[in-house]
Amino acid sequence: MTTRRARLCCLDLDTFFVSVERLLDPGLHGVAVVVGGHKGGRGVVTSASYEARAFGVRSGMSIRDASALAPDAVFLPGHHEQYTSYSRRAREIVERFSPTVVAASIDEQYVDFHGCESLYRKAEDADDDATILRVVRTMTKTIDDELGLPASAGIATSKSLAKVACTLAKPRGVRFVRPGEEEAFLAPLPVRKLPGIGPVSEAKLARAGIVTLADLARAPDALLRPVFGAYTAGIRRDARGLGGADLGRERPAFREHDPRGLSLGSISNERTFAETSASDTASILCGLCERVCARARSRGVRAGCVTLRLRYSDFETITRSRSIAPTNVDVEVHCAVLALYRRARTRRLPVRLLGVALSKLSLEGPQLQLPAMDGGARRARTIDAVREKYGYDALHLATTTERSKRRSAS
DNA sequence: TCTGGGGTCCTAGGACCC
DNA sequence: TCTGGGGTCCTAGGACCC
């Protein structure tokens, strides 16, 4: 039997968006910063500095609530291109320390150090665990020194546990959970700390008297099955710190292509509106179709299924989807979306959100020469070429531009 | 916690085929 | 014509994550 070693590392950039904003504007250091929108405006908090958290601001909270809690905070809509760029640079640093890195999101990565001990061993290290701990500390310090981004890390025997350890290590901390100490480490924590348990499961568990991870680890299967379904066994393993040591797979958005032949994921775009003017829905849908199709073409995939998402002002949310002949051509997707919209829009209530998603993605295969394409595909490629040169908004389908004209006229 | 936007994965019912 | 069961795909909804 092989002994479990704590060699999986979860690395998370602390208050990532806020940290990047502080690099762009050093005057933001030491003050309460909230990223997600203008003060008092719509939207939700995507990142809050510790100074803002002191007032009770949390990510996911509406900007309006955050404005009430921390009226003197600096509110910023954010610079997403910058976040992407810094995320990539952080990853490049992590890859210097281990070849096995999986990005879980823009600010979170998992690193496998199995087999790296001899590479980094130093005489001063008490044992291999000490070696790995030292290397991870060096790694987070390098990210801070070179990019100016604070980071935290958790090191453990499983992915799930490394994640929990990382959360507890924040900010600017590194937490190492030794093999054998997993269950004791997790036992007193509230169930909500475990990845995969959200507010709904937390409430259901509480009703069954399950509050801590120790409770969860002991709970009979019959109690957990209705809450977690197929996840039951995995959740219980994770609650005892005995989860798997595999890193999971890279999110499709962070993958160049799909070497393992697994699902290519999905591509979606949605918009929530302040005021809902029904006359605009056609052009909004058109714009959404254009966007997802442009992304599909740039990723070299076609969609075999299109989904429309519609949310009424009372928050009732409806999805309608349809399988289609694989395509990434705007007009074909738009046509399917309009049919779905007619099916979905049964109530008179104002609409607050519209979304379009592409799924059942497949690789395009060898690129067709322009003359061999049909009209729609040819037009789409030409539009891509113009946008490549002059920017995304250089060209839109007629329905989309009419709306922006009307808006700028009013 | 009156709630954005990008995703992943699971469930469950019905259609359809053999 | 009726019956049953299994497999698979499609569709809609929902929980969760960052």
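Numbers restart at 1 for each chain; the letters A, B, ... are given by sequence-line order, proteins then strands.
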Using 30° and 60° as the class boundaries, would you call the ring planes of Phe17(A) and His80(A) parallel, tilted or perpendicular?
perpendicular
Which whole-number value in Å describes the distance from [X] [atom1] to [N] [atom2]?
X         : N       : atom1 : atom2 : value
Arg309(A) : dG4(B)  : CZ    : C1'   : 10 Å
Met61(A)  : dC2(B)  : CE    : P     : 8 Å
Arg192(A) : dT1(B)  : CZ    : C1'   : 11 Å
Arg352(A) : dG4(B)  : CZ    : C1'   : 9 Å
Glu108(A) : dC17(C) : CD    : C1'   : 9 Å
Lys159(A) : dC18(C) : NZ    : C1'   : 13 Å
Phe273(A) : dG4(B)  : CZ    : P     : 12 Å
Asn269(A) : dG5(B)  : CG    : C1'   : 8 Å

Taking any heavy-atom pair under 4.0 Å as a contact, classify [X]: base, sugar-phosphate, or nothing.
X         : result
Lys204(A) : nothing
Thr46(A)  : base
Val200(A) : sugar-phosphate
Arg322(A) : sugar-phosphate

So [Y] and [X], do their side chains get closer than 4.5 Å, heavy atoms only?
X         : Y         : result
Glu108(A) : Lys163(A) : yes
Tyr83(A)  : Val35(A)  : yes
Tyr50(A)  : Val18(A)  : no

So, is [X] close to the [N] phosphate, meaning a side-chain N or O under 4.0 Å from OP1 or OP2?
X         : N       : result
Thr319(A) : dG13(C) : yes
Lys360(A) : dC10(C) : yes
Lys163(A) : dC17(C) : no
Thr317(A) : dG13(C) : no
Arg320(A) : dA12(C) : yes
Arg343(A) : dA12(C) : yes
Ser321(A) : dA12(C) : yes

Among the candidates [options], find the nucleotide nearest to the side-chain atoms of [X].
X         : options                   : answer
Val44(A)  : dA12(C), dT11(B), dT3(B)  : dT3(B)
Asp107(A) : dT1(B), dG13(C), dC18(C)  : dC18(C)
Ser323(A) : dC10(C), dC2(B), dG5(B)   : dC10(C)
Arg42(A)  : dG6(B), dG4(B), dT3(B)    : dG4(B)
Ser201(A) : dA15(C), dG13(C), dC10(B) : dA15(C)
Thr272(A) : dG6(B), dG13(C), dG5(B)   : dG5(B)

For DNA chain B, whose closest nucleotide is more 5', that of Arg64(A) or that of Tyr231(A)?
Arg64(A)
By nearest heavy atom, map Ile267(A) and Asp314(A) onto DNA chain B; which one lands nearer the 5' end?
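It is Asp314(A), whose closest nucleotide lies nearer the 5' terminus.
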Under a 3.5 Å cut-off for both contacts, is dG7(C) paired Watson-Crick or G-U wobble with anything, and if yes, with which nucleotide?
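Here dG7(C) is engaged in a pair, and the nucleotide opposite it is dC16(B).
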Short question: side chain of Arg320(A), backbone of Leu308(A) - any donor-acceptor pair under 3.5 Å?
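Flag not set: sc Arg320(A) to bb Leu308(A) has no pair under 3.5 Å.
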Judged by atom type as modelled, is there a donor-acceptor pair below 3.5 Å linking the side chain of Arg297(A) to the main-chain atoms of Asn328(A)?
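At least one qualifying donor-acceptor pair exists.
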Aromatic stack Phe315(A)/dC2(B): centroid gap under 5.5 Å, interplanar angle under 30°:
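Answer is no, no stack.
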Does the distance from a Lys or Arg side-chain N to an Asp or Glu carboxylate O, for Arg89(A) and Glu146(A), drop under 4.0 Å?
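A salt bridge is absent here (no side-chain N lies under 4.0 Å from a carboxylate O).
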dC18(C) and dT3(B): how far apart are their P atoms, nearest whole angstrom?
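About 22 Å, rounded to a whole number of Å.
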